[in-house]
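Just below is one structure, and these are the notes that go with it.
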Amino acid sequence: MEHQSETNPIMVKIDTINELSQLKDFGFGRPSPRHGLNLLYWFAHEYVDINSYGQMVPKNQQTNPKTGAYGFHLFSNFKDEDDDYLLPRQNFPYYGVGNLNAPGANKLPQYVKKDFTHHQDSSNKDRIMVQLKDGYFDRVYITEHTDKTNFGQTRRISQGLIKTIKNLASREEFLRQMNYYQNNNQSYEALPRAGYSSTMQSYQYINESRPHNQSHQPPKDDSWWCTIL
């Protein structure tokens, strides 16, 4: 199946990933220490449910993105260097999750956070963006920081793929199908199991767990930044 695309009136074109094989070919969340695949598994398997109307909704409304649970925050859509918006402009808000320094992100499962180094590397670059419409998720996107204020390639994740991930037997099965272990040169047993540039404003999440007497400052790279309102 070929990637589908969506285009808004100002020509934002984003391909849609419908199948696991397409997600694998896209390369999101690989190699280690990136956390995007584990983040996506958590989102599909543990965070969202499909209601009787066929809509994606939070399993628990107390963890609705509006509450800031798990590090969700309002995302300010913006124009990149080519004067294009990152996401299609809509009348409904976008929320982002995946910044491991964000308030509330400490509640994410350990398997999502386990490779976070707090250093200048790729361990905090992956993000999930959702569009919240009347209490349900109308659209889901995956993207990544290329530096502290810009994002790289973005794809929409279809609801069908969310269902596929949700129905997999285990996280290990999902990672195997994504060739995660092969890319990381690790065996299945080796991995622990789990019980823009914007004119609006940029917000720097400070790692509150860092000791107060630690002298060096956080590295100024993509792993410490996300654009919010």
Side-chain angles (χ1 to χ4, degrees), residues 23 26-48 63 65 67-75 95-130 140-154 157 165 170-172 174-176 178-196 202-228:
L23 180 61
F26 181 50
F28 177 72
R30 310 196 314 263
S32 178
R34 291 181 61 175
H35 68 306
L37 288 175
N38 283 312
L39 181 70
L40 183 58
Y41 180 85
W42 163 79
F43 179 84
H45 200 265
E46 300 185 34
Y47 181 73
V48 300
T63 60
T67 68
Y70 300 111
F72 273 103
H73 57 268
L74 193 63
F75 178 73
Y95 291 84
V97 68
N99 187 341
L100 298 178
N101 290 305
N106 61 309
K107 299 298 185 181
L108 287 166
Q110 182 61 27
Y111 67 78
V112 175
K113 305 177 294 183
K114 64 183 177 63
D115 293 324
F116 185 31
T117 67
H118 305 279
H119 297 306
Q120 186 174 343
D121 55 30
S122 61
S123 67
N124 194 24
K125 72 183 298 181
D126 298 319
R127 302 289 186 269
I128 293 175
M129 304 294 185
V130 297
V140 177
Y141 300 90
I142 54 175
T143 190
E144 62 186 43
H145 274 288
T146 56
D147 57 41
K148 69 180 182 181
T149 55
N150 292 294
F151 287 86
Q153 294 190 81
T154 301
I157 299 296
I165 298 172
S170 67
R171 179 175 61 94
E172 287 76 15
F174 173 57
L175 296 180
R176 273 199 299 268
M178 295 297 101
N179 282 348
Y180 180 86
Y181 301 126
Q182 177 179 335
N183 282 11
N184 292 326
N185 195 29
Q186 299 181 44
S187 66
Y188 164 79
E189 291 79 12
L191 285 170
R193 298 173 182 238
Y196 217 152
S202 293
Y203 186 90
Q204 186 174 20
Y205 289 124
I206 304 299
N207 175 25
E208 295 182 351
S209 64
R210 185 181 297 275
H212 293 296
N213 61 355
Q214 192 162 338
S215 60
H216 68 276
Q217 297 298 315
K220 296 181 178 180
D221 77 325
D222 58 272
S223 42
W224 291 85
W225 290 80
C226 200
T227 304
I228 66 169

| task | Assess R171 against Y111: is NZ or CZ under 6.0 Å from the centre of the six-membered ring, and within 45 degrees of the ring's axis? | result |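 Flagged: R171 positioned over aromatic ring of Y111.
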Quick check: does any side chain N or O of [X] sit under 3.5 Å from a backbone N or O of [Y], one acting as donor and the other as acceptor?
X    : Y    : result
K113 : L100 : no
S32  : R34  : no
R30  : Y181 : no
H73  : G71  : yes
S123 : T117 : yes

Note, [X] side chain near [Y] side chain (heavy atom, < 4.5 Å):
X    : Y    : value
T63  : F72  : no
F43  : I157 : no
M129 : V140 : no

Could you measure the distance from the [atom1] atom of [X] to the [atom2] atom of [Y]? Nearest 0.5 Å is fine.
X    : Y    : atom1 : atom2 : result
L39  : W42  : CG    : CH2   : 6.5 Å
L23  : M178 : CG    : CE    : 4.5 Å
Q110 : N38  : CD    : CG    : 10.5 Å
E144 : S122 : CD    : OG    : 9.5 Å

| request: Test side-chain contact (heavy atoms from CB on, under 4.5 Å) on Q153 and F26 and set out the steps. | output: CA-CA 9 Å; Q153 294 190 81; F26 181 50; 3.9 Å; yes
| request: Taking side chain to side chain donor-acceptor pair (under 3.5 Å) as the test, write out the residues that go with Y47, two or more places apart. | output: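 Applying side chain to side chain donor-acceptor pair (under 3.5 Å) to Y47 gives none.
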| The single option from L40, D126, L108 passing side chain to side chain contact (heavy atoms under 4.5 Å, CB included) against H35 |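 When side chain to side chain contact (heavy atoms under 4.5 Å, CB included) is applied between H35 and each of L40, D126, L108, only D126 qualifies.
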| query | Aromatic ring centroids of H118 and F116 under 6.0 Å? | reply |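 That pair passes the under 6.0 Å test.
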Which heavy-atom pair separates [X] from [Y] by the least distance, and what is that distance?
X   : Y    : value
Y70 : V97  : O-CG2, 3.4 Å
P65 : Y95  : CB-CG, 3.7 Å
G98 : N124 : O-OD1, 3.2 Å

| Counterpart residues, ring pair (Phe, Tyr, Trp, His ring centres under 6.0 Å), relative to F28 (two or more places apart) |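 Once residues adjacent in sequence are excluded, F28 has no partner under the ring pair (Phe, Tyr, Trp, His ring centres under 6.0 Å) criterion.
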